[in-house]
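Report on the following structure.
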Amino acid sequence: MILTDKELKQYTLDCRYVRMARIWAENSYCKRRQVGALVVKNEAIISDGFNGTPSGFENVCEDENNVTKPYVLHAEANAITKLARSNNSSDGATMYVTASPCIECAKLIIQAGIKRVVYSEKYRLEDGLNLLKRANIQVDYINPDEEKEHEE
């Protein structure tokens with residue numbers, strides 16, 4: 001497949017933002033899975049998030065049986081709620097997330113007016129992706145490691 005210059009530039013940016021979301025995921029205290037999310041509008045990062053406990057809670061995501069605590073927030077929810085406390089609007093933005101969104105996060109993405117979601121790891125359930133597509137949100141899977149292979 002041959003990409004136009006504009007498509008190649010967008011793909012290159014997408015790979016960079018996904019790699020940045022992966023780095024941001026490293027801030028998570030969750031042991032089972034670390035997820036990062038960035039919200040980008042007009043080539044500027046307007047919000048970020050990673051999975052973890054609500055503000056003021058202990059930074060422990062799993063219980064003694066290694067089960068995720070029910071009040072742990074997903075990266076997408078943290079990024080969207082962070083936007084609610086800022087002067088930025090996510091209307092028309094793109095969300096870059098390291099794992100495909102669950103159905104609950106998909107609902108938040110729809111309501112936030114985000115028009116595109118780029119993710120780099122497939123989650124076992126696809127109901128969130130299916131809901132995003134039903135809402136006419138562009139959904140793209142990108143593995144930035146593949147992009148690096150093409151550069152070498």
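Along the sequence shown, residues carry numbers from 1. What you are looking at is a predicted structure, and each value in this text was computed from that prediction instead of being measured.
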Could you tabulate the donor-acceptor pairs under 3.5 Å formed by side-chain atoms of residues 29-40, not counting sequence neighbours?
from: R32; atom 1: NH1; to: T68; atom 2: OG1; distance (Å): 2.9
from: R33; atom 1: NH2; to: E121; atom 2: OE1; distance (Å): 3.2
from: Q34; atom 1: NE2; to: S28; atom 2: O; distance (Å): 2.7

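- Once rounded to the nearest 0.5 Å, the distance linking NZ of K115 with CD1 of I110 reads 9.5 Å.
- No option in N27, N78, L73, T98 other than N27 meets the side chain to side chain contact (heavy atoms under 4.5 Å, CB included) test with F50.
- Counting non-hydrogen atoms of neighbouring residues, nucleotides and ligands closer than 6.0 angstrom, the CG atom of N65 exceeds 12 such neighbours.
- E104 places a side-chain heavy atom less than 4.5 Å from the side chain of K107.
- Taking the charged nitrogens against the carboxylate oxygens, K9 and E43 do have a contact shorter than 4.0 Å, which makes a salt bridge.
- Atom CD of E26 is separated from atom CH2 of W24 by 11.0 Å, given to the nearest 0.5 angstrom.
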Evaluate the side chain to side chain contact (heavy atoms under 4.5 Å, CB included) criterion for residues L129 and Y119: first the C-alpha distance (whole Å), next the side-chain angles of each, then the deciding distance (0.1 Å), finally the verdict.
-> CA-CA 10 Å; L129 293 176; Y119 68 99; 3.5 Å; yes

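- Taking the side chain as every heavy atom from C-beta outward, V60 and K69 approach each other to under 4.5 Å.
- Of all heavy-atom pairs spanning A79 and S47, the tightest one is O-OG, 2.7 Å.
- Heavy-atom minimum distance, P54 versus Y71: CD-O, 3.5 Å.
- Here the NE2 atom belonging to H74 is positioned 10.5 Å from the CG atom belonging to L108, to the nearest 0.5 angstrom.
- Rounding to the nearest 0.5 angstrom, the gap separating the CZ atom in R134 from the CG atom in D127 is 12.5 Å.
- Of the inter-residue distances, the one linking Q10 atom CD with D5 atom CG reads 13.5 Å to the nearest 0.5 angstrom.
- Cluster annotation: L125 is not connected to V97 through the hydrophobic network of ILVMFWY side chains, with a link wherever side-chain heavy atoms come within less than 4.5 Å.
- No path of Ile, Leu, Val, Met, Phe, Trp and Tyr side chains, each step under 4.5 Å between heavy atoms, connects V72 with I103, placing them in separate hydrophobic clusters.
- Note: the hydrophobic cluster containing Y17 does not contain V117 (ILVMFWY, side chain heavy atoms under 4.5 Å, direct or indirect links).
- Shown here is D63, whose CG atom has more than 12 heavy atoms of other residues, nucleotides or ligands within 6.0 Å.
- Using a 4.5 Å heavy-atom cutoff, the side chains of C61 and N51 are not in contact.
- Clustering ILVMFWY residues whenever any of their side-chain heavy atoms sit less than 4.5 angstrom apart, transitively, puts V18 in the very cluster that holds L13.
- When all heavy atoms are compared, the tightest approach of I137 to I114 is CD1-O, 3.4 Å.
- Two residues are said to be in side-chain contact when any heavy atoms from C-beta on lie closer than 4.5 Å; I80 and Q111 fail this criterion.
- Residues P101 and I109 have side chains in contact (heavy-atom distance under 4.5 Å, counting atoms from C-beta outward).
- Atom CD of residue E58 and atom OG1 of residue T53 lie 6.0 Å apart, to the nearest 0.5 angstrom.
- A donor-acceptor distance shorter than 3.5 angstrom exists from the side chain of S90 to the backbone of A112, with no hydrogens or angles considered.
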Residues D140, R116; criterion side chain to side chain contact (heavy atoms under 4.5 Å, CB included); working and verdict | CA-CA 8 Å; D140 295 312; R116 182 170 178 248; 2.9 Å; yes

Any chance you could lay out the side chain to side chain contact (heavy atoms under 4.5 Å, CB included) test for C15 and T12, step after step, and finish with the verdict?
-> CA-CA 5 Å; C15 287; T12 302; 5.9 Å; no

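- Here the closest non-hydrogen pair linking A99 and E76 is O-OE2, 4.0 Å.
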Apply the test side chain to side chain contact (heavy atoms under 4.5 Å, CB included) to residues I142 and Y11: give CA-CA distance (whole Å), side-chain angles for both, the deciding distance (0.1 Å), then the verdict.
-> CA-CA 9 Å; I142 288 183; Y11 179 76; 4.1 Å; yes

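- Proximity of a side-chain donor or acceptor of K41 to a complementary backbone N or O of S89 within less than 3.5 Å is detected.
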